[in-house]
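These numbers come from a predicted model, not from an experiment. Naming convention: chains lettered A, B, ... in sequence-line order (proteins, then strands); numbering from 1 in each chain.
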Amino acid sequence: MIDRRIFLKSSGLALIGGALVPNVFVKMANAATTKGHKVVVAIFQRGAVDGLNVVVPYGEQAYYAARPSIAIPRETVIDLDGFFGLHPSLASLAPYWKDHSLAVVHAAGSPDATRSHFDAQDFMECGTPGIRTTEDGFLARAVRGTSPLRAVSMTPALPRILSGRVNAVAMTDIARFGVRDDVSPMFESMYGGAFDAAKMLKSADPQKLQPENGAQYPPTPLGNSLKQIAQLIKSNVGLEVAFADVGGWDTHAGEGGAQGQLANNLRNFSDALAAFIRDLGSRMGDVVLVTMSEFGRTVRENGNRGTDHGHANVMLIAGGGVKGGKVHGRWPGLKDLYENRDLSITTDFRDVFAEILTRHLGVPSMTPVFPNYTPKWVGVVSGQLT
Amino acid sequence: MKRFLLVASLFFALNDRQRAQHVLDRLAFGAKPGDVERVMRMGVDRWIDEQLHPERIADRDVEARLTHDPDRRPIAELSAQRLIRATYSERQLNEVMVDFWLNHFNVFAAKGLDRVFIADYDRDVIRPRVWGKFEDLLMATAKSPAMLFYLDNARSRGGALNENYARELMELHTLGVDGGYTQKDVTELARVFTGWSIDREEGDFLFRRFAHDRGEKTVLGVHFRAGGGMEEGEQMIRFLAHQPATAHHIAYKLCQRLIADEPPASAVDRVAKTFLASDGDLRATVKAVIDSPEFREPKYYRAKMKTPFEYAVSAIRAVGGRIDNPLPVARQLREMGEPLYLSQPPTGYSDTASAWSSSGGLMARLNFALALAENRLPGVRSNVSDARATARMLGSPEFQKQ
């Protein structure tokens with residue numbers, strides 16, 4: 001398997017990855033890898049990103065009627081399928097749509113009606129919308145590996161989504177994760193297990209790996225997180241689930257359209273994701289990257305050229321086995337709104353994750369991951385189980 | 001045997017040393033060398049009573065240490081002063097409460113003009129009111145440029161609503177997320193607060209009469225006839241400040257801060273009653289928490305995990321450290337996930353262990369402990385005789401708790 005990757009590189013073909021990574025590499029790498037090296041990377045856009053201005057339903061007149069000052073003009077969107085288009089700030093991700101490694105699920109979300117950021121994030125991360133008593137996170141419940149680095153969150157604190165018995169590692173900087181050798185035994189005797197991950201990192205030394213294929217991560221916290229997640233993936237430390245989050249999406253005022261506040265945030269976001277995909281190159285065949293946000297925003301812009309808390313949102317999915325180049329999910333339209341203000345949910349976010357976790361990660365049962373819920377297939381990930 | 005120990009632990013109260021340690025952990029930012037003995041000599045109850053009246057405590061030492069650097073940005077200046085006060089002020093409970101209320105009424109100071117407004121918010125809005133009436137504190141935050149800007153109410157106008165502040169006012173500041181309001185109430189309350197804005201020249205509150213929605217409104221059963229003005233918002237602040245749901249929400253958060261992550265319902269109910277009976281008097285309410293039998297139950301001794309801010313300050317206090325420059329310490333807080341004044345979501349920072357007990361957070365604490373013990377923490381001088389033993393103490397699981 002390694003031979004094939006070396007072959008791809010040494011033959012010079014991988015240089016094409018400098019422009020974009022054609023899906024053919026993804027497929028080849030996918031066929032060549034073994035079970036157990038698959039990784040899911042989840043990115044939480046905290047604060048509720050305005051999905052209608054991320055993947056724009058530019059073919060629907062009601063969109064423009066509802067957003068006189070912040071709609072993305074038809075002529076500036078990056079067309080996807082003649083009806084939806086990407087916000088122009090997502091230009092760096094467009095090549096992956098074209099090569100079918102990037103998919104969209106629109107009108108997705110958590111069915112609970114709350115418009116509280118905190119509750120909605122909590123419900124989503126627990127995987128049990130509406131239930132306050134769930135203590136662990138659904139991604140934590142999906143992890144089965146044994147490596148001390150099987151579940152990693154690139155955050156200063158451990159998020160709910162990875163809380164639980166999996167003992168996920170939370171950190172912001174691989175280089176700072178650990179203590180000096182001479183005092184390590186002393187602290188290890190107090191804390192034990194926490195040092196297994198630190199020792200493994202020390203010997204694997206992922207930070208020595210430079211981004212490949214000309215990938216340039218933006219100098220943002222998310223760029224930094226994804227760069228390090230890529231290093232962990234390439235270091236073969238047994239990573240199964242990785243998590244990162246990024247804030248700044250709560251655009252109640254001055255949201256902007258093709259340019260402005262959201263556009264700037266989206267550019268940084270897109271550039272970080274695109275750098276990650278490019279950096280991993282053929283290794284993306286082992287990876288599914290998925291984005292989520294606690295709820296969407298109101299269809300109509302508010303009095304301050306912004307949007308308030310809404311309901312359904314958009315999810316982006318990229319990587320190996322992803323049925324890309326397609327907007328999945330049923331589009332509910334912008335005429336019949338949820339509570340007369342928000343985009344209705346037609347795909348439960350759990351359906352998207354269930355499919356990724358089952359088909360990509362090979363998790364045998366969704367019952368412990370999403371208790372009391374029967375996921376429906378979305379068709380966004382192909383059912384290869386090698 | 002296990003059962004016996006359980007019963008025994010409930011029966012036997014904390015000893016005097018533990019009680020002194022407990023109040024220094026919870027009602028202060030940890031003990032300085034000699035503090036436990038000092039509180040024991042003075043008597044725990046007398047110490048508590050003194051702390052509940054900070055205006056009676058001389059605090060010349062901390063004033064002398066507060067330096068003003070006109071070149072510093074407000075966030076840096078405030079963070080520096082907050083660290084100095086938390087470390088050296090004799091009015092320790094006052095600093096604990098300032099931390100609590102700044103977090104309860106969180107403002108993200110890196111948002112636009114809040115970079116400037118945050119200074120008045122800390123000094124003139126929160127600090128002078130932490131021992132007064134909840135209603136006054138709530139009203140002051142509602143009219144503060146910092147909050148009006150942070151939660152976008154400054155721009156909300158009749159026919160051009162912004163519901164951000166109205167929602168968080170009920171969800172976070174008063175009733176709580178289960179406080180019984182609806183989306184309709186959020187929208188109606190947003191209409192009530194239209195026109196509550198900022199005079200940008202003066203940096204003061206300004207009611208913009210022409211931006212106010214003068215139509216009829218009903219919020220939480222309170223009806224307003226058409227033609228009203230600023231008094232509608234003031235009435236709603238007073239209404240919200242005295243709701244039983246608000247009393248419960250505030251009592252729950254105070255008990256969570258001072259007793260346990262999952263505060264005992266008996267204590268919360270009692271404190272909520274005091275809140276209501278005392279017209280939201282914050283001194284009486286905090287006193288009710290401290291006077292709760294639950295506060296001194298042995299099972300809550302060292303039952304809470306310190307936040308990074310509490311950890312860093314308590315560690316510096318424990319070694320009698322001298323802060324020459326607080327800014328490197330403020331940067332350490334950022335590394336540990338709790339930069340002061342910079343919590344982006346309106347929820348503020350979490351006050352429970354689940355948010356702070358991460359492996360990366362632990363490594364950061366251990367490295368902080370090590371640097372402090374070895375007298376190489378930037379900006380801080382410590383005089384430690386046995387660096388290894390001090391690092392072991394500051395890095396121990398016990399010292400992560402309070």
Side-chain angles (χ1 to χ4, degrees), chain A residues 46-47 113-119 121 132 135 148 152-160 162-163 167-174 176-180 182-184 186-187 189-191 193-198 247-248 250-254 298 301-309 339 341, chain B residues 108 111-112 149 151-165 167-168 171-172 177-178 183-184 186-187 190 194 211 308 334-339 344-347 349-350 354-364 366-367 369-370 373-374 387-388 391-392 395-398:
Chain A
R46 296 196 190 275
T114 184
R115 290 189 181 87
S116 151
H117 289 297
F118 184 78
D119 267 7
Q121 290 178 19
R132 289 258 168 81
E135 290 191 349
V152 173
S153 177
M154 296 307 300
T155 49
L158 189 62
R160 180 66 72 111
L162 275 175
S163 297
N167 281 329
V169 169
M171 59 181 164
T172 52
D173 187 352
I174 293 173
R176 289 168 188 264
F177 190 81
V179 294
R180 221 169 55 209
D182 64 304
V183 289
S184 185
M186 175 175 85
F187 290 134
S189 67
M190 298 174 186
Y191 295 101
F195 282 80
D196 295 346
D250 200 14
T251 47
H252 285 278
T298 44
E301 71 177 67
N302 65 19
N304 306 133
R305 303 183 176 200
T307 45
D308 293 320
H309 300 181
E339 295 185 354
R341 54 183 266 157
Chain B
F108 175 53
K111 178 175 176 177
F149 188 84
L151 293 180
D152 303 308
N153 202 79
R155 305 170 68 161
S156 190
R157 288 175 290 121
L161 279 188
N162 193 308
E163 63 185 39
N164 199 9
Y165 175 67
R167 177 185 304 283
E168 306 303 8
E171 177 186 330
L172 300 175
V177 71
D178 295 319
Q183 173 58 43
K184 177 87 175 142
V186 172
T187 314
T194 47
R334 183 188 292 261
E335 298 276 326
M336 294 194 243
E338 198 186 9
Q344 190 173 49
T347 9
Y349 292 117
S350 172
S354 60
W356 299 114
S357 42
S358 76
S359 42
L362 174 64
M363 296 298 170
L366 296 181
N367 284 313
L370 200 56
E374 294 174 347
R388 190 56 67 95
R392 186 183 294 121
S396 68
E398 294 75 42

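- Looking at Ala391(B), the atoms closer than 4.5 Å to chain A (heavy atoms on both sides) sit in the backbone and in the side chain alike.
- Heavy-atom distances place both the backbone and the side chain of Pro397(B) under 4.5 Å from chain A.
- Expressed to the nearest 0.5 Å, how far OG1 of Thr194(B) lies from CZ of Arg155(B) amounts to 15.5 Å.
- The distance from the CZ atom of Phe187(A) to the OG atom of Ser396(B) is 9.0 Å, given to the nearest 0.5 Å.
- Contact of Glu374(B) with chain A is made through the side chain alone, with heavy-atom distances under 4.5 Å.
- Side-chain contact check for Val179(A) versus Asn367(B): some heavy-atom pair is nearer than 4.5 Å.
- Between Arg115(A) and Glu339(A) there is a salt bridge, with a side-chain nitrogen of the basic residue lying less than 4.0 Å from a carboxylate oxygen of the acidic one.
- Contact annotation for Arg167(B): only side-chain heavy atoms (C-beta onward) come within less than 4.5 Å of a heavy atom of chain A.
- Your options are Asp178(B), Thr347(B), Val186(B), and the one with the most heavy-atom pairs under 4.5 Å with chain A is Asp178(B).
- Taking the side chain to side chain contact (heavy atoms under 4.5 Å, CB included) definition, one finds that Thr114(A) meets it with Asp112(A), Ser116(A), Asp119(A), Ala120(A), Phe123(A), sequence neighbours left out.
- Residues His252(A) and Asp152(B) bring no donor and acceptor atom of their side chains to less than 3.5 Å of each other.
- Contacts of Glu163(B) with chain A are made by both backbone and side-chain atoms, with heavy-atom separations under 4.5 Å.
- Here the straight-line distance linking atom CZ of Phe118(A) with atom CZ of Arg160(A) works out to 7.0 Å at 0.5 Å rounding.
- Contact of Glu168(B) with chain A is made through the side chain alone, with heavy-atom distances under 4.5 Å.
- Contacts between Ala113(A) and chain B at a heavy-atom distance below 4.5 Å are absent for every atom of the residue.
- To the nearest 0.5 Å, the span separating CZ on Arg157(B) from CG on Asn302(A) amounts to 9.5 Å.
- Heavy atoms closer than 4.5 Å to chain A are found in the backbone of Leu161(B), but not in its side chain.
- Residues Arg46(A) and Gln121(A) bring a donor and an acceptor atom of their side chains to less than 3.5 Å of each other.
- When each of Asp250(A), Leu158(A), Asn304(A) is checked for heavy-atom pairs under 4.5 Å with chain B, Asn304(A) comes out on top.
- Of the two parts of Asp182(A), the backbone and the side chain both hold a non-hydrogen atom closer than 4.5 Å to a non-hydrogen atom of chain B.
- Residues that satisfy the ring-ring contact (aromatic ring centres under 6.0 Å, His included) test with Tyr165(B), not counting sequence neighbours, are Phe193(B).
- When each of Asp308(A), Asp173(A), Asn167(A) is checked for heavy-atom pairs under 4.5 Å with chain B, Asp308(A) comes out on top.
- In this structure, chain A has no heavy atom under 4.5 Å from any part of Arg334(B).
- With a 4.5 angstrom heavy-atom cutoff, Ser350(B) does not touch chain A via any of its atoms.
- Highest contact tally toward chain A, considering only Glu338(B), Met336(B), Gln344(B), Lys111(B), is held by Gln344(B) [criterion: heavy-atom pairs under 4.5 Å].
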